[in-house]
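Please read the structure below before turning to the comments.
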Amino acid sequence: MHPDCERILFTQEQIAARVRAAAAWLDRRFAGRRPVAVCNLKGSVVFFCDLLRAMQTDAEMDFMAVSSYGNATAAVCRPKIKKHLFSSVEGRDVLLVEDIVDTGHTLLTLRAFLRERGAKSITVVTLLDKPARREVPAEADYACFSVEDAFVVGYGLDYAERYRNLPYIGVLKREACFASGKDEAPAGQAGADGFGS
Ligand code: 5GP
């Protein structure tokens, strides 16, 4: 285990099993259809790649990025779209792939964006769900894991652009947050680059 993690929440094997289950669920949902799978960068990218390869469905790939809300509380800052889609989703079935639904603001923003662009349907799959921190009504259709209110890293998820390559999902030690030069522990906020984590 990485020394900055206090414990492993989900092992590589547990993640792989949940990804396979999510892929099977999505294959049933999209039977006979060709959805556009949208990855919300950057935190979702590892999950996105594994999920799409586990699916039989012939899905197109597209990418978006949403700004983080920095140190402001999520309730007062609406996330902003930083990177638009490459292709049109008008009249298309969309599979939105998220890393975490935390306060729900990011998901609400992305759903509104995709609806405004004429998506025929929007299915949301998230790797992690933190229901205890929800501030707005935004739910995924499928969550691989429900997690407690702790800051987690690994399997694509970062803190200050670190830990994304860990093959498991771990809880970050509080000391690791302060040691990174930031003066505040994270509370669901994204990485330092202004993109969603
Ligand atoms: P929201 O609060 O809008 O649902 O999510 C905001 C952003 O915070 C998302 O990009 C999500 O990835 C990130 N986030 C929320 N909780 C965590 C966490 O425990 N770890 C990491 N690395 N990112 C998180």
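Every number for a ligand or one of its atoms is a count from 1 in the order of the listing. Values in this document were obtained by computation on a predicted structure and should not be read as measured data.
- Against a heavy-atom cut-off of under 4.0 Å, D158 is close to the following atoms of ligand 1: 21 (C), 22 (N).
- Look at G104 and you'll find a heavy atom under 4.0 Å from some atom of ligand 1.
- Residue-ligand proximity, K130 to ligand 1, at heavy-atom distances under 4.0 Å covers atoms 16 (N), 17 (C), 18 (C), 19 (O).
- In this pair, F63 and F86 present their aromatic rings perpendicular. The plane angle is above 60°, beyond the 30 to 60° band.
- With salt bridges taken as basic N to acidic carboxylate O contacts below 4.0 Å, none links R20 and E13.
- Note: an N/O pair closer than 3.5 Å links D99 and ligand 1 by distance alone.
- Here the shortest heavy-atom distance to atom 1 (P) of ligand 1, taken over L128, T103, T109, belongs to T103.
- For the pair V101 and ligand 1, the shortest N or O to N or O distance does not fall below 3.5 Å.
- Here the shortest heavy-atom pairing between L95 and L26 reads CD1-CD2, 3.7 Å.
- Residue contacts with ligand 1 include V152, since one or more of its heavy atoms lies under 4.0 Å from the ligand.
- None of R174, R162, K173 except one satisfies the salt bridge (charged side-chain N to carboxylate O under 4.0 Å, His left out) rule with D4; the exception is R162.
- Contacts between A150 and ligand 1, counted as non-hydrogen atom pairs separated by less than 4.0 Å, involve the backbone only.
- Using cut-offs of 30° and 60° for the angle between ring planes, the F47 and Y155 rings count as tilted.
- Both the backbone and the side chain of D102 come within 4.0 Å of ligand 1, counting heavy atoms alone.
- A heavy-atom separation below 4.0 Å is not found between Y159 and ligand 1.
- Side-chain rings of F151 and Y159 approach one another, their centers coming within less than 6.0 Å.
- Side-chain contact, D129 with S146: no donor N or O sits under 3.5 Å from an acceptor N or O.
- Remark: side-chain polar atoms of S67 are paired, donor with acceptor, to backbone N or O of K80 under 3.5 angstrom.
- Atom numbering of ligand 1 starts at 1 in the shown order; those under 4.0 Å from a heavy atom of T106 are 1 (P), 3 (O), 5 (O), 6 (C).
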